[in-house]
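Presented below is the structure to which this report refers.
Please read these numbers as outputs of a predicted model, since none were measured by experiment. Convention: sequence-line order gives letters A, B, ...; per-chain numbering from 1.
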Amino acid sequence: MKERLGILLEQALGSAFSAGHLRSETLPSIVLETPRIAAHGDYSTNIAMTMAAGQKTAPQAIAKIIIDHIDDSEHLISKTEIAGPGFINFFIAQNKWYEILKTVHDLGNAYGTSRIGVGKRVQVEFVSANPTGPLHVGHGRCAAVGDTLAAILKATGYEVEKEYYVNDSGRQIKTLGQSVLLRYREILGETIAFPADGYRGDYIKDLAQEVVANEGDRLQELSDGEAVGLCAKFAAQEILAGIRRDLEAFGVTFDEWFSEESLYDSAAVESVIQDLKNRDIIYEHDGALWFRTQDFGDEKDRVVVRTNGVTTYFASDIAYHKNKFERRFDRIIDIWGADHHGYVARVSASIEALGYDKDQCQIILVQLVNLLRDGKPVTMSTREGEFVTLKEVVDEVGRDASRFLFLLRHYDSPLDFDLGLAKKESNENPVYYVQYVHARISNIIRKAEEQGYKDIYWHEDFPGLIDLPEEIQLIKLMARYPEVVTQSALLMEPHRVAFYLRELAAAFHAYYHDRSKHKVVSDEARLSAARLYLVSAIRIIIRNGLSLMAVSAPENM
RNA sequence: GCGCCUGUAGCUCAGUUGGAUAGAGCAACGGACUUCUAAUCCGUAGGUCGCAGGUUCGAAUCCUGCCAGGCGUACCA
């Protein structure tokens, strides 16, 4: 609807230009919005005001010229008015709204999809937690945001690839191996001194137990280096498998699990460092190798290879992002926890230094999850083994409820996650409010079937039957769904879908509740058929929206 | 100190990329189930949009400066 009106406006501007009624200038971008207040029309544009300066004419006069040039041969518009300082308000002819209803039914699962991303490949990388311990709630938030954003981008036509970057190399993996080996020796009867920087969680002991079961005391005969290596490899694999399971239980899957180690195996890290050294972007200082990130907007230069010859995490990240660009994505989206924000400048500096367009790589920082238990903060540390895992939350609160909770917030704002409230919230969670709409409509449709309404179909009588203001209101709300999906994609803000669904659900519940006025299945066959058509359209949208979030749409509750 | 994010109703948060009279949920108070499911609905109350300037037809939104909170500021990841 908005699109069609936009086209009319564009044509009107064009014809006003060619008729010489407006001085020609570059076509301004037309912004149509749904006014907050119904009296301001169905759509409103500020175009006359934004053009006023360039035209050197009063906005009201420009508005009048534009309106005069609108060629509305389809009678889409029932009324236009110039209001306030120069808004043009459009009122859509009521009979045109029914076309939306038909569109929803015709498109079904595809209602809300668009083609703005067609032909473009985008990669979304998210979670990417080190395989040194299970995922915690913070990772869950990133997972929900990343997975839903990927689904939204897909719905707008992008070819989307979801990727998990596995940090299976470097010091933290070695520390993991050492921690497991120590617990292993402990089980075999040795007294050990556990180092301060070791991983202390119980899962380390479980892993050590498994090593004992698989290998017996064989590791005792190996050198420390070999034993640590074995333990590290085994532990990382096991933990990663667990991460994968937990994510699947949370409804998140990836197309690609990209190994950091593979960048070393293929010498990609080595060669990019060599390349940058040749170009004097990496230089030696105090025995270490430094990247001139400062020349590309970072606040200081960063170490790539330490004095002891070991590469930093940043080194493989340079090679990793180079690899991403080599895979020829049109867009690359990295989703990180906000605690990594210090990394943004250096990564985008490295992208620029390699000669790529840094704007092609967008980094979303998801604010941290503050974990509370009955109002009191719970400290989380993987190393100390004190944390609440994603699995625990999913098991306790449920996948639907926890996903919805994470998505009911802009990723920019920190989230307090209270475990004491989580259980309670699983009953009061807004997700049930939305799902309940789906269950209620499903129930209506079941009941209708029992009474002989076999099919849900359109009939040209319907406009006369569905004409209450609240019914038109519902259709107008349905018309907005595709705009919401498009906006979420453009702004990369998945929470918009969740908020929209809540709004649609509220409108439906209110409508549904007044049974005396709005009963769907009644004695009047034609009215019933018409209302069935209306509410089943709502069900389609609820289902589509929930499916973007990978939240289930139950038939019964 | 410097950098990033945030400050909107008692609490948790939206706010259509600068629009017209700032909105939900929870909590509080008062109502609605012989009806297609009350996990629901209706109503009341609740606001100097952190503070102060600036930009303009117009600011919660943009700019500057303060104040407060979170995170970061490693040859850790």
Both conditions, 6.0 Å and 45 degrees, for the charged tip of R292(A) above the ring of Y283(A): are they met here? yes
Does S522(A) reach a base, just sugar-phosphate, or nothing at all? Heavy atoms under 4.0 Å. nothing
Do you know which of L263(A), N323(A), V272(A) makes side chain to side chain contact (heavy atoms under 4.5 Å, CB included) with I318(A)? V272(A)
Partner lookup for A68(B), please. Criteria are Watson-Crick or G-U wobble with both distances under 3.5 angstrom; report none if nothing qualifies. U6(B)
Check whether any side-chain nitrogen or oxygen of R409(A) sits under 4.0 Å from OP1 or OP2 of C13(B), and answer yes or no. yes
OP1 or OP2 of A14(B) versus the side-chain N and O atoms of R502(A): is any pair under 4.0 Å? no
Here the distance between atom C1' of A38(B) and atom CE of M557(A), to the nearest Å, is 13 Å
In terms of heavy-atom contacts, I333(A) and M492(A) come closest through CD1-SD, 3.6 Å
Closest to the H509(A) side chain: C36(B), C57(B), C41(B)? C41(B)
Which nucleotide, in any strand shown, forms a Watson-Crick or G-U wobble pair with U21(B), with both distances under 3.5 Å? none
So which atom in R480(A) and which in T34(A) form the shortest heavy-atom distance, rounded to 0.1 Å? CD-OG1, 4.0 Å
Give one of base, sugar-phosphate or nothing for A52(A), where a contact means two heavy atoms less than 4.0 Å apart. nothing
Just compare U35(B), C75(B), G19(B) and give me whichever is closest to any side-chain atom of R515(A). U35(B)
Which nucleotide in the set A77(B), A20(B), G19(B) lies at the smallest distance from any side-chain heavy atom of N167(A)? A77(B)
Does a side-chain N or O from Y436(A) land closer than 4.0 Å to OP1 or OP2 of A39(B), or not? yes
Please state how far atom CD in Q367(A) lies from atom P in G7(B), giving the value in whole angstrom units. 10 Å
In whole Å, I'd like the distance from the CD atom of Q294(A) to the C1' atom of U73(B). 14 Å
Need the pair for A60(B). Rule: Watson-Crick or G-U wobble, both distances under 3.5 Å, any strand; none if unpaired. none
Interatomic distance at P, C51(B) relative to A39(B), whole Å: 42 Å
Distance check, C1' atoms only: G18(B) and A77(B), in whole angstrom units. 41 Å
Look at the side chain of T307(A) and decide which nucleotide, out of G15(B), C75(B), U73(B), has an atom nearest to it. C75(B)
Counting just side-chain N and O atoms, does H410(A) come under 4.0 Å of either OP1 or OP2 of U8(B)? no
With nearest nucleotide decided by heavy atoms, which residue, R446(A) or D412(A), maps closer to the 5′ end of RNA chain B? D412(A)
Does Y411(A) have a side-chain nitrogen or oxygen under 4.0 Å from the phosphate oxygens OP1 or OP2 of C13(B)? no
Closest to the A288(A) side chain, choosing from C36(B), G19(B), C75(B): C75(B)
Tell me which nucleotide among C75(B), C71(B), A77(B) gets nearest to the side chain of V303(A). C75(B)
Any idea which heavy atoms bring V269(A) and S316(A) closest together, and the distance? CG2-CA, 4.0 Å
Picking from C36(B), C71(B), U17(B), which would you name as closest to the side chain of D339(A)? C71(B)
Quick one: sort the Y343(A) and W336(A) rings into parallel, tilted or perpendicular, breaks at 30° and 60°. perpendicular
If every non-hydrogen atom of P554(A) is compared with every non-hydrogen atom of S552(A), which pair is closest and at what distance? CD-O, 3.4 Å
What contact category does N46(A) fall into here, base, sugar-phosphate, or nothing, at under 4.0 angstrom with non-hydrogen atoms? base
Send over the distance from L491(A) CG to U61(B) C1', rounded to a whole Å. 14 Å
Please pick, from A77(B), C75(B), G19(B), the nucleotide with the shortest atom-to-atom distance to any side-chain atom of D286(A). C75(B)
Have a look at D514(A) and say if it touches a base, only the backbone sugar-phosphate, or nothing, with a 4.0 Å heavy-atom cut-off. nothing
State, without any angle test, whether R440(A) and N556(A) hold a side-chain donor-acceptor pair at a distance under 3.5 Å. no
Closer to the 5' end of RNA chain B via nearest nucleotide, is it W290(A) or N556(A)? N556(A)
Tell me the interatomic distance from E33(A), atom CD, to U17(B), atom C1', rounded to whole angstroms. 10 Å
F87(A) CZ - G18(B) P separation (whole Å): 13 Å
With syn defined as a glycosidic angle within 90 degrees of 0 and anti as anything else, the base of C33(B) is syn
Verify the neighbour count for atom CG of D523(A): are there more than 12 heavy atoms of other residues, nucleotides or ligands below 6.0 Å? no
Looking across every strand, which nucleic acid part, if any, lies under 4.0 Å from R36(A) by heavy atom: base, sugar-phosphate, or nothing? base
May I ask you to say what P414(A) touches in the nucleic acid, namely base, sugar-phosphate or nothing, with a heavy-atom cut-off under 4.0 Å? sugar-phosphate
Report which part of the nucleic acid Y343(A) touches: base, sugar-phosphate, or nothing (heavy-atom distance under 4.0 Å, all strands). base
Checking all strands, does K447(A) fall into the base, sugar-phosphate, or nothing category for heavy-atom contacts under 4.0 angstrom? sugar-phosphate
Where the side chain of N89(A) is defined as all heavy atoms beyond and including C-beta, which of G15(B), A20(B), C75(B) is the nearest nucleotide? A20(B)
For the pair made of CD1 in I30(A) and C1' in U17(B), what is the distance, rounded to whole Å? 17 Å
Interatomic distance, L9(A) atom CG to I47(A) atom CD1 [nearest 0.5 angstrom]: 7.0 Å
Does R440(A) put a side-chain nitrogen or oxygen below 4.0 Å from OP1 or OP2 of A38(B)? yes
Any-strand Watson-Crick or G-U partner of A14(B), both distances under 3.5 Å: none
According to a strict under-4.0 Å criterion, is T311(A) in side-chain N/O contact with OP1 or OP2 of C75(B)? no
Against the side chain of H341(A), the closest entry in C36(B), C71(B), A77(B) is C71(B)
Whole-angstrom distance between A9(B) and G23(B), as gauged at atom P: 14 Å
Gap in Å between the two P atoms, one belonging to U35(B) and one to C29(B), rounded: 28 Å
Opposite nucleotide pairing with A28(B), Watson-Crick or G-U, both atom distances under 3.5 Å: U44(B)
So A448(A), base contact, sugar-phosphate only, or nothing? Heavy-atom distance under 4.0 Å. nothing
Find the distance L365(A):CG to G70(B):P and express it as a whole number of Å. 19 Å
So what does A510(A) touch, heavy atoms closer than 4.0 Å: a base, only the sugar-phosphate, or nothing? sugar-phosphate
Between the side-chain atoms of S44(A) and the base atoms of A20(B), is any donor-acceptor pair under 3.5 Å? yes
